[in-house]
There are 2 protein chains.
Amino acid sequence: MSVHEGRLATLVRRVEREPREPLEAALGRAVDVPSLAHVEQLETRVLRDGTLATVYLGLARPDVLAGSDRRRAATRSTADKRELVAVAQARLRAKLSYTNLGFALAPEVFTISELRDVYRAALGHDVSATNLQRVLLRRGALERVEGRRAPGRTGGRPASLFRFASQHLEVTDEFAALRPPR
Amino acid sequence: MSVHEGRLATLVRRVEREPREPLEAALGRAVDVPSLAHVEQLETRVLRDGTLATVYLGLARPDVLAGSDRRRAATRSTADKRELVAVAQARLRAKLSYTNLGFALAPEVFTISELRDVYRAALGHDVSATNLQRVLLRRGALERVEGRRAPGRTGGRPASLFRFASQHLEVTDEFAALRPPR
DNA sequence: TCAAAAGTGTTTATAATACACCCATGG
DNA sequence: CCATGGGTGTATTATAAACACTTTTGA
């Protein structure tokens with residue numbers, strides 16, 4: 001999945017796994033894994049056609065995604081695909097809340113408004129730039145970058161630039177509930 | 001997994017899946033699924049022997065578990081098994097924090113002290129009975145049951161009885177972070 | 001000098017932990 | 001009557017949402 005024009009874009013790929021082939025090897029034949037910012041395994045299920053499928057979620061940065069992949073697959077979605085995409089979206093939404101996973105959807109450097117648009121698309125609801133900035137800064141997920149983005153024709157204060165402190169998945173918000181005593 | 005004598009007991013079972021057999025069918029040949037309080041799929045991975053394995057976590061109540069299963073499997077743990085059990089334990093710990101999953105480890109009716117012992121065993125750290133009670137009551141996960149447990153020989157106030165309000169997995173604690181606006 | 005966009009300061013809300021203290025029982 | 005285990009009352013702390021207000025720019 002990836003964010004384009006303010007909405008979540010999905011692309012479903014399928015590969016047959018050769019006998020005795022590692023899962024990651026088959027995955028590598030379907031997509032260019034090194035170009036993805038994040039990959040994780042989801043569920044394994046028997047599809048309607050009787051085949052056993054292990055589903056993976058991959059996240060691509062908008063500035064990295066190859067042109068050929070930028071348009072959504074035009075093929076009609078099967079019931080299987082729709083279900084699997086829904087599972088993947090749910091996982092993405094959940095992890096955005098308690099991890100730094102935004103790094104995998106945002107460009108290298110961004111303004112808070114741009115980041116808010118990414119979160120809006122992925123979460124499916126409105127996000128406050130003010131609070132997003134403070135939550136992610138407080139958690140240490142974001143850091144400031146030198147320079148500012150010039151305002152557009154309509155004016156406005158130039159925006160500060162930020163980047164994610166880490167490019168790998170980290171849990172940034174331990175559960176408040178039932179945490180170990182000091 | 002299950003809790004016995006204040007500690008987490010694990011039992012690892014393995015089945016071959018027949019060609020075209022649904023995953024749940026193979027699972028049913030390995031364990032008595034209806035007797036388990038909760039079952040969920042974990043990861044799928046290639047084991048050291050080259051076979052593809054889809055791992056499930058099952059939780060059993062101490063009062064339901066068959067006698068033959070009460071003792072831990074005496075077979076020496078392989079590296080694979082140790083890894084898989086660790087994955088399962090991590091999943092269990094996480095879900096205990098933000099769901100009502102305790103229902104699957106506790107007996108039908110219990111005192112808060114008994115429940116605390118269960119959580120202690122599963123979480124691997126100390127748990128305050130006071131706070132456990134309040135958190136689970138506040139979340140609506142627990143409800144009071146008529147009657148009290150008589151104290152032991154050493155005295156003490158008789159304990160109130162509780163049960164879980166639901167016997168099915170529910171997320172009881174939405175993430176405070178990035179929640180949708182009203 | 002005004003509208004737009006960005007950013008900060010401060011208040012409010014929520015939920016959990018910590019801890020002091022009261023309750024009920026057996027010996 | 002006191003030790004033991006159970007339970008409640010009440011801070012304190014942590015985290016984030018809400019919102020008023022200030023800053024910086026283009027036209």
Side-chain angles (χ1 to χ4, degrees), chain A residues 6 94 96-100 102 109-120 123 125-145 147-162 171-182, chain B residues 6 94 96-100 102 109-120 123 125-145 147-162 171-182:
Chain A
L96 278 178
S97 291
Y98 65 94
T99 70
N100 65 342
V109 165
F110 47 82
T111 68
I112 295 297
S113 305
E114 290 161 2
L115 188 63
R116 178 200 43 200
D117 293 341
V118 168
Y119 274 73
R120 240 194 314 233
L123 292 175
H125 63 74
D126 200 27
V127 173
S128 147
T130 296
N131 291 333
L132 181 65
Q133 180 190 39
R134 278 206 276 237
V135 167
L136 295 183
L137 279 176
R138 161 186 274 275
R139 291 179 179 176
L142 291 191
E143 52 191 32
R144 286 167 188 281
V145 169
R148 345 193 119 256
R149 177 95 78 225
R153 281 163 198 78
T154 84
R157 177 174 170 170
S160 309
L161 298 177
F162 295 83
V171 174
T172 51
D173 177 43
E174 295 297 330
F175 297 120
L178 304 172
R179 80 163 69 103
R182 286 164 302 99
Chain B
L96 278 178
S97 290
Y98 65 93
T99 72
N100 65 342
V109 165
F110 45 82
T111 67
I112 294 298
S113 306
E114 290 162 2
L115 187 62
R116 176 200 46 200
D117 293 342
V118 168
Y119 274 72
R120 244 201 305 241
L123 292 175
H125 63 72
D126 201 26
V127 172
S128 148
T130 296
N131 292 333
L132 182 65
Q133 180 192 38
R134 278 207 275 235
V135 167
L136 295 183
L137 278 177
R138 162 185 274 275
R139 291 179 178 176
L142 291 191
E143 52 191 33
R144 286 167 190 282
V145 169
R148 349 194 113 257
R149 177 95 76 223
R153 282 165 197 73
T154 86
R157 178 173 168 171
S160 310
L161 298 177
F162 295 83
V171 173
T172 50
D173 178 41
E174 295 298 328
F175 297 121
L178 304 172
R179 80 163 67 104
R182 286 167 300 99

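Throughout, a chain's letter reflects where its sequence line sits, starting with A, and its residues are numbered from 1. All of these numbers come straight from a predicted model, not from anything done at the bench.
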Using the test side chain to side chain contact (heavy atoms under 4.5 Å, CB included), find all partners of B/Thr154 that sit at least two apart in sequence or belong to another chain. none

Atom [atom1] of [X] to atom [atom2] of [N]: distance rounded to whole Å?
X	N	atom1	atom2	result
A/Leu137	D/dA16	CG	C1'	14 Å
A/Phe110	C/dA5	CZ	P	20 Å
A/Asp126	D/dA17	CG	P	12 Å
B/Leu136	C/dT17	CG	P	10 Å
A/Leu132	D/dA17	CG	P	9 Å
A/Leu161	C/dA5	CG	P	18 Å

Look at the side-chain N and O atoms of [X] and state whether any lies under 4.0 Å from the OP1 or OP2 oxygen of [N].
X	N	result
B/Gln133	D/dT8	yes
B/Arg149	D/dG6	no
A/Ser113	C/dA6	yes

Choosing from D/dT10, D/dA17, C/dG7, which nucleotide comes nearest the side chain of A/Asn131? D/dA17

Hey, does the side-chain of A/Arg134 have a donor or acceptor N/O within less than 3.5 Å of a partner on the base of C/dG9? yes

Any donor-acceptor pair, under 3.5 Å, between the side chain of B/Arg138 and the base of C/dT17, if you only look at N and O atoms? no

N/O-N/O pairs, protein side and nucleotides 23-26 of chain D side, under 3.5 Å:
from: D/dT23; atom 1: O2; to: A/Arg157; atom 2: NH1; distance (Å): 3.3
from: D/dT24; atom 1: O2; to: A/Arg157; atom 2: N; distance (Å): 3.0
from: D/dT25; atom 1: O2; to: A/Gly156; atom 2: N; distance (Å): 2.9
from: D/dG26; atom 1: O3'; to: A/Arg153; atom 2: O; distance (Å): 2.8

For A/Arg134, give me all partners under salt bridge (charged side-chain N to carboxylate O under 4.0 Å, His left out), at least two apart in sequence or on another chain. none

Please enumerate all residues that pass salt bridge (charged side-chain N to carboxylate O under 4.0 Å, His left out) together with B/Arg157, with sequence neighbours excluded. none

Could you pull out all residues at least two apart from B/Arg120 that satisfy side chain to side chain donor-acceptor pair (under 3.5 Å)? B/Asp117, B/Asp126

Side-chain contact test, heavy atoms from C-beta onward, threshold under 4.5 Å: evaluate it for B/Val118 versus B/Glu114 and give yes or no. no

Should A/His125 and A/Val127 count as side-chain neighbours, where that means a heavy-atom distance under 4.5 Å? yes

What does B/Ser128 touch in the nucleic acid at a heavy-atom separation under 4.0 angstrom: a base, only the sugar-phosphate, or nothing? nothing

At 4.0 Å (heavy atoms only), tell me whether A/Ser160 reaches a base, stays on the sugar-phosphate, or touches nothing. sugar-phosphate

Residues forming a ring-ring contact (aromatic ring centres under 6.0 Å, His included) with A/Phe162, sequence neighbours excluded: none

